[in-house]
Amino acid sequence: RPPRPRLTGRQVLALGALYAVFASTLVFRQRTATELADDPLDLAGQFRVIALATAFVLSCASMLSRRFTLRGVPLAGWLVVAYVGVVPLGLVEAVSPSLVLFKWSELVTFVVVWLALTRAFPGDTTVPMRHFGIALGLLVSAVLANIVLFPDRAVSAVDGIVPFQLGGYLPQLASNDVGTLGVLVVAFGLGRRRVSPGLVALGTALVLAASYR
C-alpha cells in the first residue's frame, strides 16, 4: 500500500467533529416522555449536548482555518440544507418548543460537520469514509457484545416470520436503528473495490435479526 499522507490540522478537526457527532447519538438510558419533559438535561442529556457543541465548534474551527467557500456543494446537499431550514416552523404548534429547538440544533450540527468534512477533504472521501466505517464498526461491535453480555435485554421474542428481534442495550438502540446499521454495513460491503461477502452477510443478518421495517 502507498503510505498514507499526513493529516492537516483542519482535517484532524473535521474528523474529531465526526466522532463527536457519533458520540452525541449514543443513548445510555430510557425515559418516558414525561420524565424527559421534566428533566431534559440529566447527566446523559448533558453529555449529548456537550458532544454536539464540541462537534459544532470543531467543524467551525476546521472551516475557518482557511477561506470558507460553498462552491462544489452538490444539489443533494442543498436539499438537506433546505429540509433543515424548515424544521423551526414546527415551533408554531410544538408542545415542547425546547425539544424542537434541540432537534433543529442537532440537524444543523450534522450539516455543519458534513460541510467541514467536504471542505477538509475536497474531492476525496476516502479518509472520512474510513473513519465513518470505524465508528460504524464500534456500534456494530457493541450490538454483538450485547447479545453475549445481556441476551435478555438485547433480544426479545416477537410474533413474526423471524421469532425474535434484536436491539441495543448499552448503548440503547431501537431495533430499527440496528436494522439501519445493517443496511449501512451492506452498503460498505458492496461499495468496496472488491465486494466483501463477509460484510454483506453480517449486514443482512443484522437487518433480518432486527426485523427491520
Side-chain angles (χ1 to χ4, degrees), residues 7-29 31 33 35-125 127-136 138-139 168 171-174 176-177 180-181 183-184 187:
L7 297 176
T8 64
R10 67 198 302 254
Q11 290 174 335
V12 172
L13 290 172
L15 291 174
L18 174 66
Y19 282 103
V21 158
F22 265 102
S24 74
T25 64
L26 301 179
V27 179
F28 298 101
R29 46 77 173 108
R31 298 196 297 170
E35 292 171 337
L36 182 62
D38 291 340
D39 183 21
L41 287 179
D42 61 352
L43 186 60
Q46 293 175 30
F47 168 80
R48 190 173 184 181
V49 170
I50 291 172
L52 276 176
T54 301
F56 185 84
V57 170
L58 291 177
S59 299
C60 290
S62 174
M63 289 188 289
L64 294 177
S65 62
R66 279 189 183 182
R67 182 181 176 184
F68 178 71
T69 176
L70 291 176
R71 290 182 180 179
V73 176
L75 176 61
W78 287 116
L79 291 175
V80 174
V81 171
Y83 164 72
V84 174
V86 302
V87 171
L89 296 178
L91 291 171
V92 178
E93 296 290 338
V95 176
S96 177
S98 59
L99 292 180
V100 176
L101 283 174
F102 173 76
K103 189 62 182 178
W104 180 62
S105 64
E106 185 179 47
L107 293 172
V108 169
T109 302
F110 291 167
V111 172
V112 171
V113 170
W114 172 73
L115 283 174
L117 289 167
T118 57
R119 300 303 94 185
F121 298 92
D124 184 11
T125 61
V127 175
M129 290 303 294
R130 182 187 306 128
H131 286 270
F132 184 88
I134 291 172
L136 181 66
L138 291 175
L139 282 177
Q172 296 280 346
L173 284 173
N176 268 354
D177 292 332
T180 301
L181 287 179
V183 172
L184 291 173

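All heavy atoms count here, side chains included; hydrogens, waters and symmetry mates do not.
- Judged as a ring pair (Phe, Tyr, Trp, His ring centres under 6.0 Å), and not counting sequence neighbours, the contacts of Y19 are H131.
- Nearest heavy-atom pair across V113 and V21 is CG2-CG2, 3.5 Å.
- One finds the OG atom of S24 at 5.0 Å from the CZ atom of F110 (value rounded to the nearest 0.5 Å).
- Between L26 and L173, every side-chain heavy-atom pair lies at or beyond the 4.5 Å cut-off.
- Atoms CG and CG, from L99 and L91 in turn, are 11.0 Å apart once rounded to the nearest 0.5 Å.
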Between V127 and Q11, does the side chain to side chain contact (heavy atoms under 4.5 Å, CB included) criterion hold? Intermediate values first, please.
CA-CA 9 Å; V127 175; Q11 290 174 335; over 6 Å; no
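- For the pair D177/L139, no side-chain contact is recorded, criterion being any heavy-atom separation below 4.5 Å from C-beta on.
- Across every non-hydrogen atom of G90 and V100, the tightest pair is C-CG1, 4.4 Å.
- Residue pairs meeting the salt bridge (Lys or Arg N to Asp or Glu O under 4.0 Å) criterion with at least one partner in residues 106-116, sequence neighbours excluded, are R48-E106, K103-E106.
- Across all non-hydrogen atoms, the minimal contact from L58 to A17 is CD1-N, 3.7 Å.
- Checked by atom type and distance alone, the side chain of S59 pairs as donor or acceptor with a backbone atom of A55 at under 3.5 Å.
- R10 places a side-chain N or O within donor-acceptor distance of the main-chain N or O of R119, the cut-off being under 3.5 Å.
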Report the C-alpha distance between L15 and L117 in whole Å, list the side-chain angles of each, state the deciding distance to 0.1 Å, and finish with yes or no for side chain to side chain contact (heavy atoms under 4.5 Å, CB included).
CA-CA 7 Å; L15 291 174; L117 289 167; 4.1 Å; yes
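- Side-chain contact between L7 and F121: present, with at least one pair of heavy atoms (C-beta onward) separated by less than 4.5 Å.
- The two atoms that bring P128 and T125 nearest to each other are CD-O, 3.3 Å, heavy atoms only.
- Every ring pair (Phe, Tyr, Trp, His ring centres under 6.0 Å) that F22 has, sequence neighbours left out, goes to F132.
- Closest non-hydrogen pair, F47 versus A23, comes out as CE2-O, 3.4 Å.
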